[in-house]
Structures are given as structure tokens and as C-alpha cells.
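Beneath this line is the structure, given in C-alpha cells, with notes to follow.
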Amino acid sequence: MEIVVLPDSESVAEFSANIVVELMRKKPAAVLGLATGSTPIALYQHLVERYRSEDVSFSEVVTFNLDEYLGLDPSNPQSYRSFMNSQLFDHVDIDLRNTHLPHCEEAQNPRKVGAAYEREISHAGGIDLQILGIGANGHIGFNEPTSSLRSRTRVKTLTERTVQDNSRLFKPHEAQPQLAMTMGIATILEARQLVLMATGESKAHSVRQAIEGPLSAMCPASALQLHENVVFILDEDAACELEGLAYYRWAHAKNQLLVGQHGYFDEGLTSLDVG
Ligand code: PGA
């Protein structure tokens, strides 16, 4: 694991965007795993700017999102499809047919939809780089505490805490879904590179549990300890409870010497395991 602690949320977004752009330059048909929520919005703004300045093209990129609410039509402004369109897809040259979210129609069997999503990821060659946020309760995607560490794409019931945390995004008259279809923890762990972004003090506890706590289904993000290429990109507030902070800063400074020379991905797209 590499733990990168940066001064503020803007630097977190910029650092994350640099990793995504590096991958897209080395592999124009990269398969990106994307996340929703407040945290990656600034990352998507950076990617749109980089596209506008002709630094990078999405024309061959394929994307798979972590999750989607159950019971919301993709055209609903609260759906994660709408979020992705308005935050990223509408502003870049991506082919919308290459963008995927685990949407399940009311008449569909969620088990079949989950299995089909897994097959689509696998047909695309697997995910090269998965972007993740983290819940205040340690969730990744909508894998809430007690999610099996071997879980696959399926329906999860959101915890009260998550529903409460996300209620800020819903207007009083809007119904807030309490079920979602999400990639499983095993699905996430199969991505070749993971980038977890966390900002703000409300994430400090779950970030600490994920990095320094025991491997436990009670903190789904702790499963990232099993992955060989994971970078946690944190602002000072999200990192404030970490006990090993001094070491992480020191190691990151050393790692940057290596990354500066070789980048995060080598030509064969094996990520550089510097953590
Ligand atoms: P947030 O959500 O970025 O809106 O804080 C992250 C998450 O719940 O995964």
C-alpha cells in the first residue's frame, strides 16, 4: 500500500487525475472503474480540463461504475448514471456505449444482472484502474459493513448511516433509495490498480480502520490490505488519525523518486508497487 497525504482536497483530485491520465496515455483503451459521491467530483473536473487541453482522449476508454441505486430509472437526476453523465461523460469524447453502471430494471432478476455485470467486466479484459471513495462507516462501493470479503456484484441494503450521510444530496420531496446494486469486494480487488480518495475529517476514522485496523468485514475498505497495488490519496483531515503518518510521508517522498522516473504504470501496465 502507498499512503499519500496531501495538503487539501484539490491536491488529492490533481494527484488522482495524474494517475488516471498517465494510464490513459499508456493505454488509450484503458478500462476505468469509476465512483460517484462528492469526493471524485473534483477528479472528474480535472479530467474534463485535461481533455479540453487535449492532454488526453476518452474515445477508446471503457468504464464500469461501482454501483447504482435500485429502483431509479437512469434518467432520474438522482441516478448514478445521471451523475456520471453530468460530471464527466457529457464533457468528454467518450462513447456512451462503452460506459457501464450496474443498473437493474424492476422486472429483472438482480442476481442475473449482477452476474452479467461481472461477465461484462471480464469481457472488457478486467479493470485497469479502479477509483474508490470510502464511507464514514468504511464502505467501498455500497459494500456496507458485514459485506463478504468475497462478494460479487449484487444488491445491498444501505445502512442507516449511509442513508443519513447521503440524504444531503436529496431534496425533501425526493424518495431516497435504500437498496443499491454494487460491485462486490472480490470484484474490486480484481482491478489491477486501486486508488482510494478520501477527504475531510468525517473520513478520518474509517481511513484509519482501513489502513491500520484489522482485516475485517466490519470495515470493507480494510480488504484493500489484500491488494498489491493500492494507493490511498488523502488530505490532511482524512489522514489525521493515522498513527504511522510520519512513516507514510517519508515513504511517499522516497516513492516519488521512483514514480518520477517510471510512473505508476510500466509499459506492460503492471503498476509499480512502491507501497
Ligand atoms: P462521498 O462518498 O465521496 O460522498 O463522501 C464516498 C462513499 O460513500 O464511498
Side-chain angles (χ1 to χ4, degrees), residues 6 8-17 20 32-47 64-70 72 77-80 82-84 86-88 101-102 127 129-147 151 153 156-171 174 176-185 187-189 191 194-211 217-224 227 230-241:
L6 299 169
D8 49 37
S9 57
E10 175 53 25
S11 332
V12 168
E14 192 181 351
F15 195 95
S16 309
V20 178
L32 299 181
L34 300 176
T36 51
S38 317
T39 315
I41 290 178
L43 161 67
Y44 298 145
Q45 284 166 352
H46 273 271
L47 292 178
F64 288 92
N65 264 76
L66 283 168
D67 43 24
E68 177 59 287
Y69 285 123
L70 208 69
L72 285 193
Q78 288 292 359
S79 74
Y80 283 164
S82 297
F83 175 99
M84 288 312 304
S86 63
Q87 297 298 333
L88 180 65
L101 287 94
I127 292 172
L129 168 60
Q130 177 68 56
I131 301 294
L132 297 163
I134 184 171
N137 65 1
H139 74 204
I140 44 174
F142 272 133
N143 294 286
E144 299 287 29
T146 70
S147 286
S151 49
T153 306
K156 280 299 290 183
T157 305
L158 310 192
T159 59
E160 239 181 292
R161 172 82 191 261
T162 298
V163 172
Q164 215 171 53
D165 286 349
N166 289 353
S167 62
R168 70 188 194 282
L169 307 168
F170 287 80
K171 298 191 184 84
E174 286 177 326
Q176 188 182 351
Q178 297 178 354
L179 296 176
M181 178 152 277
T182 180
M183 276 186 205
I185 296 176
T187 323
I188 292 169
L189 289 179
L194 301 179
V195 166
L196 186 144
M197 305 169 67
T199 58
E201 217 180 322
S202 65
K203 302 296 173 65
H205 180 70
S206 59
V207 162
R208 174 163 180 216
Q209 288 299 113
I211 295 173
M218 290 311 292
C219 177
S222 68
L224 271 50
H227 199 282
V230 51
V231 191
F232 285 82
I233 306 176
L234 313 172
D235 70 359
E236 294 284 349
D237 290 340
C240 71
E241 287 189 24

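Residue numbers start at 1 and run along the sequence shown. Order of listing sets the numbers, starting from 1, for every ligand and every atom in it.
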Note: R168, heavy atoms under 4.0 Å from ligand 1, region reported as side chain
ask   = Taking side chain as C-beta onward, heavy atoms only, is L32 less than 4.5 Å from I131?
value = no
On a heavy-atom basis, the closest approach of L158 and E144 is CA-OE2, 3.4 Å
**Q.** Polar side chain donor-acceptor pair, T162 to D165, under 3.5 angstrom
**A.** no
Open item on the list: Contact between I134 and F232 at the side-chain level, heavy atoms closer than 4.5 Å - yes or no?
Closed with: no
Atom 3 (O) of ligand 1: closest protein heavy atom, distance to 0.1 Å, is T39 OG1, 2.5 Å
heavy-atom search around atom 8 (O) of ligand 1 in the protein gives H139 NE2, 2.6 Å
Counting from 1 in the order shown, the ligand 1 atoms closer than 4.0 Å to a non-hydrogen atom of K203 are 1 (P), 5 (O), 6 (C)
Here the atoms of ligand 1 under 4.0 Å from any heavy atom belonging to S38 are 1 (P), 3 (O), 4 (O)
Here the atoms of ligand 1 under 4.0 Å from any heavy atom belonging to G37 are 3 (O), 4 (O)
In this structure, atom 6 (C) of ligand 1 is nearest to the protein heavy atom I134 O, 3.6 Å
Nearest heavy-atom approach of G135 to S206 is O-OG, 2.9 Å
Does A191 offer a backbone N or O that forms a donor-acceptor pair with the side chain of H227 under 3.5 Å?
yes
